[in-house]
Protein chains: 2
Amino acid sequence: MGSEVPRPCTMRVMLRARAIPQATVARLPLYLRALREAAGSATPTLSSEELAERAGVTAAQIRKDLSYLGSYGTRGIGYDIEYLTKQICRRLGLDEELRVAIVGAGNLGVALARYGGFSNRGFRVVAIFDSDPAKVGTTVADTKVSSTKDMSSLLSKRRVDIAVITTPAAAAQWVADVVVGAGVQSILNFAPTTVSVPEGVSIRHVDLGIELEILSFYRRRVDAAAAV
Amino acid sequence: MGSEVPRPCTMRVMLRARAIPQATVARLPLYLRALREAAGSATPTLSSEELAERAGVTAAQIRKDLSYLGSYGTRGIGYDIEYLTKQICRRLGLDEELRVAIVGAGNLGVALARYGGFSNRGFRVVAIFDSDPAKVGTTVADTKVSSTKDMSSLLSKRRVDIAVITTPAAAAQWVADVVVGAGVQSILNFAPTTVSVPEGVSIRHVDLGIELEILSFYRRRVDAAAAV
DNA sequence: GACTGTGAAAGGGTTCACAGCT
DNA sequence: AGCTGTGAACCCTTTCACAGTC
């Protein structure tokens, strides 16, 4: 995954609780996913070791990470699946529905709009935009595609929390500027280019080509290992 | 960024050159992208500061990272765009075409197959698989969709380097097992579940829901900042 | 006995600051 | 003068090991 989020100074904002390290924040959703998978299992509790196994990290890591949230486990027993799930959700701000807009109704944009993983995780796609007049007015996954000309007004009217950019690289910075101008403070960028945003706005980058290029590097190393 | 790649021990394999830190490897593709964007510019060279600006990192970081590759810059001048591009490509193993298979011809799989960013970056989609008989035989982006039953044989016959998993979560582990069994050593997993692979196989995870959940956390923090 | 929570130690990664080249 | 390359300092993250609790 590509990513950059908080300036160190943004973190210092947290006054009350222990600050949660970035690295931990990035893993909490992983634990959440593992907990949901485990929700149907026989026992209502889970040890750090079992959770670690499911999430693909070490048990010590789990315990350390969860300790930043508070003491939600029981010594000698483990963690209550349902309770821990609720606590992590709360800490991630997932206890209220988050409203998502997708900008760019190309293949990827449409794929994301139809992606089932959003709705059952508390996200709702409330707007889809495209600059192509032929696409404007069509319906994708129960949502009408709007013109990018109307972005500014519609973004605030529909109270969008997160904007997902799936336009070509050339349009990405412009889209980000408009979106930020409309008050959106969180952006997920799939366009293969660097996008800059003002202080206080969070942006994460996902570049499919980059993921493949990183794999390419380690492929070579593996070959070398085989050759030794 | 979702991801896990090399056990620490895998790194120790490198005998000849200075080992390149993981964090640096993950940034090299970023520099590559920035260099390509700068390729059309007036000057044939670029300072670490200019490159940093384009890639969204600090100049010191650029210099440190590039120093792991060798001394490819010129003091007082900067880096030659074309030469540096070539060197990074070589180090990432991108000087030969890499052959990609996509498993799962749903919305996301099709979007990826059609994604232009692959071909112009040296990747070639040579196979697409799906378990749905209705999809098998159809053509997506000039490639015939094959049955997942034929994966094992086709993966080796077509010399696939990297497998991309875009199936539902329930099928992901099975797909990974088959793919690894066929000799593929690099996997990019989009299924929202943890997949385990044997030592020596590289896997990276991209989970769209997780990216949104991470953004959700920092959204809260930003609100807190505004409130202070 | 089993398992969590956490200080302390170890390990990586980033930033600094400047020596060294052109 | 301008900019790279790099040891050293700093900071963040992970791992260890064990005290604390059920």
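The sequence lines fix the lettering, A, B, ..., with proteins before strands; numbering per chain opens at 1.
- Here B/Gln22 does not reach the OP1 or OP2 of C/dG13: none of its side-chain N or O atoms lies under 4.0 Å away.
- Straight-line distance from the CZ atom of A/Arg27 to the P atom of D/dT13: 9 Å, rounded to whole Å.
- Closest to the side chain of B/Arg63, out of D/dC3, D/dG5, D/dT14, is D/dG5.
- At a cut-off of 3.5 angstrom, the base of C/dT22 holds no donor-acceptor pair with the side chain of B/Arg75.
- Listed pair A/Tyr79 / C/dG5 meets the phosphate criterion, a side-chain N or O lying under 4.0 Å from OP1 or OP2.
- Minimum atom distance to the side chain of B/Ser67 is reached by D/dT6, of the listed C/dT15, D/dT14, D/dT6.
- Distances shorter than 4.0 Å separate none of the side-chain N or O atoms of B/Gln61 from OP1 or OP2 on C/dG13.
- Between B/Ser47 and the phosphate of D/dC3, there is no side-chain N or O to OP1/OP2 separation shorter than 4.0 Å.
- With rounding to whole Å, B/Tyr72 atom OH is found 11 Å from D/dG5 atom P.
- Picking from D/dG5, C/dG5, C/dT14 the nucleotide with the shortest atom distance to the side chain of B/Ala23 gives C/dT14.
- Rounded to a whole Å, the OH atom of A/Tyr68 is 11 Å from the C1' atom of C/dG7.
- For B/Tyr72 and B/Tyr79, the gap between ring centers reaches or exceeds 6.0 Å.
- Between D/dT4 and B/Thr74, no contact under 4.0 Å exists linking OP1 or OP2 to a side-chain N or O.
- Across the protein-nucleic acid pair, A/Ile62 atom CD1 and D/dT15 atom P stand 12 Å apart, rounded to whole Å.
- The CG atom of A/Leu84 sits 14 Å away from the C1' atom of C/dG5 (whole-angstrom rounding).
- An OP1 or OP2 oxygen of D/dT4 is reached within less than 4.0 angstrom by a side-chain nitrogen or oxygen of B/Ser48.
- When each of A/Ala60 and B/Gly78 is assigned the nucleotide of DNA chain D with its nearest heavy atom, B/Gly78 is the one assigned upstream, toward the 5' end.
- Residue A/Thr24 is classed as having no contact, given no heavy-atom separation below 4.0 Å to the nucleic acid.
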